[in-house]
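This report concerns only the one structure given below.
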Amino acid sequence: MQGAGQPTGAEPSEEWRRAQEEWEALENNQSGLLEELASPVPLISFNEALRYFQTADLSECRKKIQATVRRQGLAALVHFLFGPPRLQQQLQGERDLALTIAQCGLDNNEKVHMRILQTIYKKLTCSTMSCPRFGAHWEELGFQGADPGTDLRGTGMLGLMQMLYFVMDSQTLPLALKIFKLSHHETQNFPFCIMSVNITRIVIQALREERLSRECNRRQQVIVVLNDVYVAAFLHLYSIWKAQHKTIADSGFLLKELESFTKKKPKQLLKSLETYMNRSIALLTDGVQHPFSASGNISSIASSQASKEINFTGICDLQVELEGDARLI
């Protein structure tokens with residue numbers, strides 16, 4: 001059967017062949033899109049995703065990690081004498097797991113990876129429908145292009161895991177949606193997901209420089225602390241951005257300041273988050289306050305329990321670096 005516009009009684013022209021190939025490609029893409037949308041992807045909780053990484057074979061990713069920043073000479077001596085405490089040995093396996101996840105790229109063939117991505121999309125857009133793996137809809141969320149996987153440099157799947165944590169907890173989701181709304185402001189707009197990835201990179205570096213060790217040792221947790229510091233840092237940035245009417249032109253400077261503040265005063269960041277969450281919960285419960293504590297907050301309890309379910313083992317050297325100055329990537 002001849003296609004539309006095909007010459008009758010003559011060899012098809014090169015132009016017609018190209019048009020036919022383009023049409024067939026469009027039909028195939030549309031068919032794939034419909035199949036993808038017809039198969040709903042169930043939401044995934046942070047704990048379920050974490051259990052996957054706890055049990056998956058991450059041996060190749062583990063080879064790339066460097067647990068702490070290497071110092072030599074005087075810098076090493078000063079850090080030893082006056083720097084923050086070292087992470088306790090029993091917590092080092094959990095730290096290494098977090099940094100290993102940061103070395104794992106987004107895998108299209110891994111269902112858990114795809115569910116994480118779809119869950120972030122659905123929770124931020126309040127949609128019940130799945131979306132295609134590639135497309136302009138990811139730019140609406142604040143990625144740089146049609147493929148979110150290209151924006152995870154330096155954070156890997158940990159960048160998506162921290163977004164997942166943010167949107168899947170009933171206490172932190174309202175804050176995530178407020179920030180997401182501001183990211184679409186007419187003049188104060190910024191790429192939400194790219195900003196999130198940059199904050200994860202700051203948190204990773206703070207962990208590697210042992211700036212979070214004191215809090216991790218105190219709470220006997222690592223991943224929970226990382227997530228709370230991530231949310232606290234995002235809240236800090238959001239508060240400044242909104243109150244001072246910042247724009248995308250200010251992002252590089254603000255991220256650099258945020259990196260410095262996160263490393264120097266993580267306890268103060270967490271205290272501000274605790275105050276904010278207590279105020280929010282008090283408003284929601286009409287004056288009946290349920291304390292949110294940085295020493296074991298409500299949103300962290302489930303993650304804490306998941307962490308305790310597995311015996312973490314030591315992992316080899318890590319390598320996760322901030323690429324130059326803190327900036328939007």
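These numbers come from the heavy atoms of this one structure, side chains and all, not from hydrogens, waters or symmetry mates. Numbering starts at 1 and runs along the sequence shown.
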Anything under 3.5 Å between a donor and an acceptor, one on a side chain of residues 109-117, the other on a protein residue two or more places apart or in another chain? List them.
| unit_1 | atom_1 | unit_2 | atom_2 | d |
| --- | --- | --- | --- | --- |
| E110 | OE1 | Y52 | OH | 3.3 |
| E110 | OE2 | V112 | N | 3.1 |
| H113 | ND1 | D107 | N | 3.0 |
| R115 | NE | P42 | O | 3.2 |
| R115 | NH1 | E48 | OE2 | 2.9 |
| R115 | NH2 | L43 | O | 2.8 |
| R115 | NH2 | E48 | OE1 | 3.4 |

message: With rounding to the nearest 0.5 angstrom, report the CG to CG distance, L258 to L255.
response: 6.5 Å
field: Within one Ile-Leu-Val-Met-Phe-Trp-Tyr cluster: L269 and I204, side-chain cutoff 4.5 Å
entry: no
message: Distance check, rounded to the nearest 0.5 Å: D147 atom CG versus E139 atom CD?
response: 11.0 Å
task: Apply the test side-chain contact (heavy atoms from CB on, under 4.5 Å) to residues M195 and S183: give CA-CA distance (whole Å), side-chain angles for both, the deciding distance (0.1 Å), then the verdict.
output: CA-CA 10 Å; M195 193 69 79; S183 76; over 6 Å; no
task: Going by the side-chain hydrogen bond (donor to acceptor under 3.5 Å, both in side chains) test, name the single residue among E209, E210, Q205 that passes it with K263.
output: E209
message: Checking side-chain hydrogen bond (donor to acceptor under 3.5 Å, both in side chains) between Y165 and each of N47, T172, D228, N227, which is the one that passes?
response: D228
message: I need the minimum non-hydrogen distance between I223 and E94, along with the two atoms involved.
response: N-OE2, 3.0 Å
task: Would you name the heavy atoms of L207 and V222 that are closest together and state the gap between them?
output: CD1-CG1, 4.3 Å
message: For a side-chain contact (heavy atoms from CB on, under 4.5 Å) check, start with the C-alpha distance between L226 and Q162, then their side-chain angles and the critical distance, and finish with the verdict.
response: CA-CA 9 Å; L226 290 186; Q162 293 208 303; 4.0 Å; yes
message: What I'd like to find out is whether the side chain of Q88 reaches to under 4.5 Å of the side chain of Q220, using heavy atoms alone.
response: yes
- prompt: If every non-hydrogen atom of G142 is compared with every non-hydrogen atom of P191, which pair is closest and at what distance?
  reply: O-CB, 3.3 Å
- prompt: M168 and T119: side-chain contact (heavy atoms from CB on, under 4.5 Å), yes or no, with the steps?
  reply: CA-CA 8 Å; M168 279 303 286; T119 299; 3.5 Å; yes
- prompt: Looking only at heavy atoms, which two atoms of M163 and I120 are closest? And how far apart?
  reply: CB-CD1, 3.7 Å
- prompt: Parallel under 30°, tilted from 30 to 60°, perpendicular over 60°: which one fits the rings of F166 and F192?
  reply: parallel
- request: Provide the closest heavy-atom pair for G145 versus D151 in the form atom of the first, atom of the second, distance.
  value: N-OD2, 4.2 Å
task: Taking the side chain as every heavy atom from C-beta outward, state whether S130 and K122 have any pair of such atoms under 4.5 Å apart.
output: yes
pair R211-T262: side-chain heavy atoms closer than 4.5 Å: no
Heavy-atom pair with the smallest gap, counting every atom of Y121 and M129: CE2-O, 4.0 Å
message: Could you measure the distance from the CG atom of L97 to the CG atom of L50? Nearest 0.5 Å is fine.
response: 6.5 Å
message: With heavy-atom distances below 4.5 Å as the criterion, would you say the side chains of M277 and Q171 are in contact?
response: yes
query: Quick one: are H137 and P132 in side-chain contact, heavy atoms under 4.5 Å?
result: yes
Run the side-chain donor-acceptor check on residues 233-241: report pairs under 3.5 Å with partners two or more places apart or on a different chain.
| unit_1 | atom_1 | unit_2 | atom_2 | d |
| --- | --- | --- | --- | --- |
| S239 | OG | L235 | O | 2.9 |
| W241 | NE1 | Q188 | O | 2.8 |
| W241 | NE1 | K246 | O | 3.1 |

field: Close side-chain approach of H184 to E140, heavy-atom, < 4.5 Å
entry: yes
- prompt: Is F261 reachable from V231 through a run of hydrophobic residues whose side-chain heavy atoms are each under 4.5 Å from the next?
  reply: no
Rounded distance (nearest 0.5 Å) linking atom CD of Q92 with atom SG of C216: 11.5 Å
message: Would you say that F190 contacts T247 through its side chain, given a criterion of any heavy-atom pair below 4.5 Å between the two side chains?
response: no
message: Set out, in order, the CA-CA distance, both residues' side-chain angles and the distance that settles side-chain contact (heavy atoms from CB on, under 4.5 Å) for L152 and L158, then state yes or no.
response: CA-CA 9 Å; L152 302 177; L158 188 63; over 6 Å; no
task: Calculate, to the nearest 0.5 Å, the distance between atoms CD and OG1 belonging to Q54 and T100 respectively.
output: 12.0 Å
Flag side-chain contact, heavy atom, 4.5 Å: K271 against Q268: no
statement: To the nearest 0.5 Å, atom CZ of R279 lies from atom CD of E274 at 11.5 Å
